[in-house]
Amino acid sequence: MRYTQYFLPTLKETPGDAEVVSHQLMARAGMIRKVAAGIYDYLPLGLKVIRKVENIVREEMNRAGAIEILMPAVVPADLWEESGRWQQYGKELLRLKDRKETNFCIGPTHEEVVTEIVRGTVRSYRQLPFNLYQIQTKFRDEIRPRFGLMRGREFIMKDAYSFDIDDAGADISYEKMYQAYRRIFKRCGLEFRAVEADSGAIGGSFSHEFMVLADTGEDAIVSCDTCEYAANVEKAELRSPAGDAPSPSQPLSKVLTPNLKSIEDVAAFLKETPSRMIKTLVMQNERDEVVAVLLRGDRTLNEIKLCHLLDCNHVQLADEAVVRKITGAPTGFSGPIGLNCRVLADLEVAAMSDFGLGANEENYHLTGANHGRDFQVEAFVDLRQAEAGDPCPRCAGKLESWRGIEVGHVFKLGTKYSDAMHATVLDDQGRERTLVMGCYGVGIGRTAAAAIEQNHDENGIIWPMPLAPFQVIVTMLNPNDADVLGAGEALYQQLLDAGIDSRNLSIAVVLDRAGDNHVVLVLRHRSGDLVLDSLTSRIRPWNQTGYRFLAMQSSETKTEWEVVMNAPRSRNVLAQR
Ligand code: ATP
Ligand code: MG
């Protein structure tokens with residue numbers, strides 16, 4: 001591929017709405033272009049990266065025995081009515097009507113469609129198991145589409161669905177996908193963790209998320225420093241601390257804490273640490289049920305754990321009016337004593353005694369409080385968010401914390417969709433059995449973006465080689481010099497001959513005669529051999545396009561090449577040509 005014939009609309013300025021580095025660099029490198037919020041053009045350079053991710057995904061899916069299909073993007077509402085999701089799925093589902101006023105949606109995921117295929121075609125256990133996948137455009141009307149390809153509204157996903165006669169079979173199918181995903185992200189050259197995840201609204205019994213580690217990731221994950229345990233903090237379990245609470249030794253006393261509302265301020269005033277205080281969070285769910293949650297003062301509530309406990313989809317801090325009604329005081333002074341709602345406490349609270357908490361009276365807190373003696377809790381349950389330093393739930397190790405970007409997700413679905421949509425087969429006894437399903441997604445565009453979040457520096461993208469749009473770029477500083485031009489063309493041909501197709505080529509080779517700007521020798525190219533490995537390890541990243549530029553000069557003999565670093569001049573070169 002010749003640059004003069006390529007379409008590479010790079011930008012000097014970062015678009016104003018590009019908050020994260022991958023979005024900034026992809027836009028500046030001319031990889032993507034915004035059409036509307038969360039909707040992008042994939043320009044040639046961007047599409048090359050997308051295709052590279054797709055190819056790796058496709059090869060590994062095929063290798064794992066999955067079979068490619070393509071389902072429609074526009075899906076009739078009937079199918080979604082059958083599964084119940086037409087009502088359940090919120091505004092993220094883009095709904096539309098055709099000319100006959102029939103309802104459709106643009107598929108945000110395809111469980112219904114694939115289940116319909118299978119129930120309409122598969123009758124016997126002999127046809128099982130199998131796994132059908134597609135690589136296709138999805139639409140989710142995200143509330144806040146942002147971060148470029150990381151969280152788009154229209155985005156490309158690989159989604160796969162496995163079908164088995166029983167649970168044991170479904171576990172095997174799941175394991176195959178889990179292993180295939182490990183291979184996919186390893187082959188992409190990314191540092192990642194497979195973490196236990198909450199199975200959320202899609203339903204299902206267990207799931208893992210594949211997280212690309214990056215400081216800018218939206219997800220918080222923890223992993224054990226000793227064993228294999230790793231989980232999304234949404235899911236990470238915590239055990240009861242060892243030992244019972246010491247017996248109460250202090251009387252309950254009321255202390256004036258004027259205008260002090262935060263745990264930190266009250267603790268400082270009482271000359272205590274927040275960890276010796278209890279915070280009482282009055283929470284409300286979508287059914288307007290109110291519950292008070294007690295946590296150690298320095299801990300954070302895990303809202304997902306609370307949702308599971310209350311069997312609801314959403315919880316939030318109750319508003320002021322509710323807090324006043326329940327506690328008789330404004331927010332900031334809540335406590336469990338005399339509360340007129342359910343009171344749940346985190347496991348850690350069980351091991352605490354003689355603590356400080358809110359008095360349910362404006363400007364007052366209590367000290368020397370003890371559960372059992374001064375108030376009762378309905379239950380002690382795991383409700384807090386795991387953090388670095390917490391004990392591992394599986395072994396004697398400690399948890400470490402990371403930020404990650406969810407690029408893939410494997411779910412064991414069970415029979416949620418096959419039950420609702422009556423997808424059954426006959427088993428070897430002729431009995432009707434409901435299919436057991438799994439579903440498995442990879443965000444193709446998000447994987448490309450995550451690669452950039454993980455691999456960049458102040459000069460721009462440092463592509464992991466398997467995803468680099470080009471591996472080598474040959475540039476001539478002075479193409480009017482016949483020697484240089486000849487050397488450039490020769491090198492280009494050699495690269496092609498060596499099977500390094502420039503269309504698949506992140507190294508740039510800049511050809512020029514010796515000059516003052518040319519510095520250290522990086523590679524000697526003798527007798528047609530290109531030592532790309534030694535070349536890739538020693539070169540510096542260039543600008544936002546992710547190319548790495550080297551200068552190459554011809555030696556007297558012209559059979560031997562010296563590749564030298566020439567960052568400042570090569571920058572100019574691309575800008576001019
Ligand atoms: P998130 O929690 O980030 O919104 P999700 O859990 O809803 O994602 P899944 O339903 O598990 O997403 O979809 C499978 C994969 O599709 C995700 O792991 C992610 O890589 C990708 N994906 C999901 N939503 C988006 C989006 N809005 N833009 C780009 N990729 C996405
Ligand atoms: Mg997910």
Side-chain angles (χ1 to χ4, degrees), residues 20 22-23 26 32 34 36-40 42 46 49-50 53-54 56-57 61 85 88-94 106-112 114 133-161 174 177-178 180-181 184-185 188 190 192-204 206-214 216-221 231-235 303-304 313 403-413 416-417 438-454:
V20 297
S22 58
H23 186 187
M26 282 177 128
I32 55 170
K34 182 166 131 182
I39 301 180
Y40 293 88
Y42 301 97
V49 179
I50 295 288
V53 179
E54 282 179 2
I56 293 173
V57 170
M61 292 303 291
R85 284 208 291 184
Q88 282 157 21
Y89 219 93
K91 293 205 162 171
E92 279 169 19
L93 187 64
L94 185 66
I106 305 201
T109 164
H110 278 70
E111 285 79 6
E112 285 82 357
V114 76
Y133 79 96
Q134 64 175 346
I135 298 181
Q136 192 219 27
T137 298
K138 300 274 186 262
F139 197 95
R140 295 184 184 177
D141 202 354
E142 304 265 356
I143 304 187
R144 282 199 296 156
R146 55 192 178 149
F147 303 162
L149 298 194
M150 202 85 97
R151 183 168 296 286
R153 293 199 293 166
E154 188 187 284
F155 58 97
I156 303 171
M157 198 204 282
K158 184 286 299 175
D159 46 328
Y161 307 88
Y174 183 93
M177 284 295 106
Y178 179 89
Y181 275 40
I184 287 170
F185 297 112
C188 287
L190 299 172
F192 67 95
R193 293 275 187 291
V195 306
E196 291 181 14
D198 185 66
S199 18
I202 198 162
F206 57 85
S207 82
H208 285 87
E209 287 164 343
F210 286 75
M211 297 280 187
V212 167
L213 302 185
T216 49
E218 283 189 290
D219 285 276
I221 62 182
N232 191 311
V233 289
E234 291 182 346
K235 162 91 179 178
E303 296 186 358
I304 309 261
N313 294 320
R403 302 294 307 178
I405 300 166
E406 180 197 323
V407 289
H409 203 158
V410 292
F411 288 98
K412 184 175 171 201
L413 275 173
K416 181 177 156 116
Y417 295 92
C439 73
Y440 318 91
V442 173
I444 301 289
R446 193 185 280 183
T447 300
I452 298 175
E453 290 294 330
Q454 188 179 76

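Whatever order the structure lists ligands and atoms in, that order sets their numbers, starting from 1. Along the sequence shown, residues are numbered consecutively beginning with 1.
Using a 4.0 Å cut-off to heavy atoms of Gly443, the atoms of ligand 1 that qualify are 15 (C), 16 (O), 20 (O), 21 (C).
Here Lys138 contributes atom NZ and Glu154 contributes atom CD; the two are 11.5 Å apart, rounded to the nearest 0.5 Å. The CG atom of Leu149 sits 10.5 Å away from the OG1 atom of Thr447 when rounded to the nearest 0.5 Å. Atom CZ of Phe206 is separated from atom CD of Glu196 by 10.0 Å, given to the nearest 0.5 angstrom. To the nearest 0.5 angstrom, Asp219 atom CG is 6.0 Å from Glu209 atom CD. Here the OG1-OH distance, from Thr109 to Tyr161, works out to 3.5 Å after rounding to the nearest 0.5 Å.
For the Mg ion (ligand 2), the neighbouring protein N/O/S atoms at less than 2.8 Å, given as residue and atom, are Glu406 OE2, His409 ND1.
The shortest N or O to N or O distance between Val407 and ligand 1 is under 3.5 Å. Taking any N or O of Phe155, backbone or side chain, none lies under 3.5 Å from an N or O belonging to ligand 1. At a 3.5 angstrom cut-off on N or O pairs, Met157 does not count as close to ligand 1. The shortest N/O to N/O separation between Arg151 and ligand 1 falls below 3.5 Å.
The part of Glu142 lying near ligand 1 is the side chain, judged by heavy-atom distances below 4.0 Å. When heavy-atom distances to ligand 1 are checked against a 4.0 Å cut-off, Arg446 comes that close only through its side chain, counted from C-beta outward. The side chain of Arg140, and not its backbone, has at least one atom closer than 4.0 Å to an atom of ligand 1 (non-hydrogen atoms only; side chain from C-beta on). In Leu149, the part holding a heavy atom less than 4.0 Å from any atom of ligand 1 is the backbone.
Applying the side-chain contact (heavy atoms from CB on, under 4.5 Å) criterion to Asp141, with sequence neighbours excluded, gives Leu94, Phe139, Arg153.
Judged by the shortest distance from any of its heavy atoms, Gly445 lies outside the 4.0 Å radius around the atoms of ligand 1. The closest approach between Glu209 and ligand 1 stays at or above 4.0 Å for every heavy atom of the residue.
Under the 4.0 Å criterion applied to side-chain N and carboxylate O atoms, Arg403 and Glu453 are not assigned as salt-bridge partners. A salt bridge is defined here as a Lys NZ or Arg NE, NH1 or NH2 lying under 4.0 Å from an Asp or Glu carboxylate O, and Glu218 with Arg151 meets this definition.
Partner of Phe147 under the side-chain contact (heavy atoms from CB on, under 4.5 Å) criterion, out of Thr216, Val20, Ile405: Val20 alone.
Taking the six-membered ring for Trp and thresholds of 30 and 60 degrees, Phe192 and Phe210 have ring planes inclined between 30 and 60 degrees apart. Taking the six-membered ring where tryptophan is involved, the planes of Tyr178 and Tyr174 are essentially parallel, since the angle between them stays under 30° and well short of 60°.
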